[in-house]
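Below you'll find the structure, written out as structure tokens, and then a few comments.
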Amino acid sequence: MQIIHPLADMTRWSEDVLFRGETIALVPTMGYFHEGHLSLMRLAGRLADHVVVSLFVNSIQFAPGEDLDQYPRDLENDTRLAANEKVDVLFVPSDSEMYENGGATRVRVEGITAVLCGRQRPSHFEGVTTVVAKLFNITKPHFAVFGEKDFQQLAVIRRMTRDLNWNIDIVGHPIVRESDGLAMSSRNAYLSGEERQSACCLYRAIEQARASFAAGVRDAARLQVEVRDTLLANPDVSIDYIALVDQHSLAEREEADAGTVLALAVRVGTTRLIDNGFLADDTEKSN
Ligand code: PAF
């Protein structure tokens, strides 16, 4: 596995691959790898001839007061973990090269960025789409793989890719969970022992909503109340949102159906966690 820092070297590497008629799958990450990231890398390896993993803690997707400075980093361990997978390049650009003089250009997707996480984090998705657009231009992938835990992010990136006419296949990977159901996330590292216990309430709430749906409950307001009660049964938990939405438009549903996604954002102590799941079953979210 090569480690590439300069943007121009990364693009040259990709152009060589394209010249040979071979394919590239990109896995954009902010590092601090866990099994979820490694699963994305393995899926990328099945999709394309070559895998590029980008590792860049993208400052512009954090608002002032968010956890940019605390965001966990361990380049040495990440390098070791990626090298054990079928990864050709670990692309680690510098902040100064990615955002020369702060970077004056932003890529913004309207509409679906204003709901769910966009309400609490109004500048977040603009930061994400800007960096992902840059990574697409620099690495020139045929495929890009993202985790479905960030279900809104995936919808926003799909929309951007369509709107900007990139011929890139955006591929979602199902959420990878700990044995007690907690969705894997680099931010789980912030949780104390007790908070870690409370944090499984997200998955418990999703499972419980599925059970109610299976028992015939369709009224979104009623499902939301049940989910809220399950979440708030845990002392350290406060709720950012509980939403039942259409998987594509992210529009709120009054009546749930099999294509409805339950999306959750909660704080456990000071750590913000998100999770989601279809009400009907664990079917992969379709394009
Ligand atoms: O999901 C993430 O880790 C980030 O939002 C991404 C897509 C790598 C952009 O910085």
Side-chain angles (χ1 to χ4, degrees), residues 4 7 10 24-41 43-44 51-63 66-75 77-78 81-82 87 89-95 97-99 103 105-109 112-113 116-118 120-139 141 143-161 164 166 168-176 183-190 263 265 271-276 285:
I4 297 182
L7 274 49
M10 183 67 246
I24 298 170
L26 171 68
V27 183
T29 80
M30 298 207 297
Y32 210 67
F33 295 154
H34 49 64
E35 192 52 36
H37 294 110
L38 304 183
S39 308
L40 302 184
M41 296 175 201
L43 173 57
V51 175
V52 174
V53 175
S54 64
L55 192 169
F56 180 65
V57 180
N58 178 37
S59 56
I60 68 165
Q61 71 187 69
F62 293 79
E66 289 188 349
D67 57 341
L68 173 63
D69 294 337
Q70 297 101 288
Y71 198 83
R73 295 161 168 88
D74 189 345
L75 181 56
N77 195 44
D78 285 350
L81 290 172
V87 172
V89 176
L90 185 63
F91 174 44
V92 190
S94 68
D95 214 51
E97 220 194 344
M98 283 295 270
Y99 297 118
T105 304
R106 295 289 182 268
V107 177
R108 192 169 76 237
V109 173
I112 56 171
T113 55
L116 304 178
C117 290
Q120 300 284 330
R121 309 182 74 196
S123 59
H124 170 68
F125 287 112
E126 184 174 300
V128 171
T129 42
T130 300
V131 80
V132 171
K134 287 169 72 69
L135 291 168
F136 284 178
N137 285 336
I138 296 162
T139 65
F143 302 89
V145 183
F146 297 86
E148 289 178 350
K149 180 174 74 66
D150 297 293
F151 136 82
Q152 186 176 13
Q153 167 173 283
L154 184 56
V156 169
I157 290 167
R158 284 201 165 114
R159 186 62 209 249
M160 169 182 77
T161 305
L164 295 182
W166 274 309
I168 301 171
D169 201 345
I170 306 299
V171 181
H173 187 288
I175 298 174
V176 180
M184 289 195 186
S185 163
S186 304
R187 288 191 168 97
N188 293 349
Y190 298 150
T271 305
R272 187 171 184 278
L273 299 175
I274 57 174
D275 202 343
N276 69 81
K285 288 165 197 70

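Every number for a ligand or one of its atoms is a count from 1 in the order of the listing. Computed from a prediction, not measured in an experiment: that's the story for all the values here. Positions are given from 1, in the same order as the sequence printed here.
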Close-contact set for ligand 1 against [X] heavy atoms, below 4.0 Å:
X      : value
Val131 : 9 (C), 10 (O)
Asn58  : 10 (O)
Thr29  : 8 (C)
Pro28  : 8 (C)

Could you identify the single nearest non-hydrogen protein atom to atom 3 (O) of ligand 1 and state the distance to 0.1 Å?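 Going by distance alone, atom 3 (O) of ligand 1 is nearest to Met30 CG, 3.7 Å.
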Which atom names give the shortest non-hydrogen contact between Gly118 and Phe125, and what distance separates them?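 Here Gly118 and Phe125 meet closest at N-CE1, 3.8 Å.
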Considering non-hydrogen atoms only, spot the tightest contact between Arg121 and Gln61 and give its length.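 Where Arg121 meets Gln61 most closely, the heavy atoms are NH2-O, 3.7 Å.
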Going by the closest heavy atom to atom 9 (C) of ligand 1, which one wins out of Lys149, Gln153, Gln61?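 Nearest heavy atom to atom 9 (C) of ligand 1 lies in Gln61.
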Do Asp95 and Phe56 have side chains that get closer than 4.5 Å, going by heavy atoms?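 Sidechains of Phe56 and Asp95: in contact.
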Measuring only between side-chain heavy atoms, which start at C-beta, is Leu55 closer than 4.5 Å to Arg73?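 Answer no - side chains too far apart.
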Checking the side chain of Arg187 only, and the main-chain atoms of Arg272 only, is there a donor and an acceptor separated by less than 3.5 Å?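 Pair absent, no side-chain N/O of Arg187 close to backbone of Arg272.
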Between the side chains of Tyr32 and Asn188, is a donor N or O closer than 3.5 angstrom to an acceptor N or O?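 The answer is no; no qualifying pair exists.
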Proximity of Ile157 to ligand 1 by residue part, where a heavy atom lies under 4.0 Å: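 Under 4.0 Å from ligand 1, Ile157 contributes no heavy atoms.
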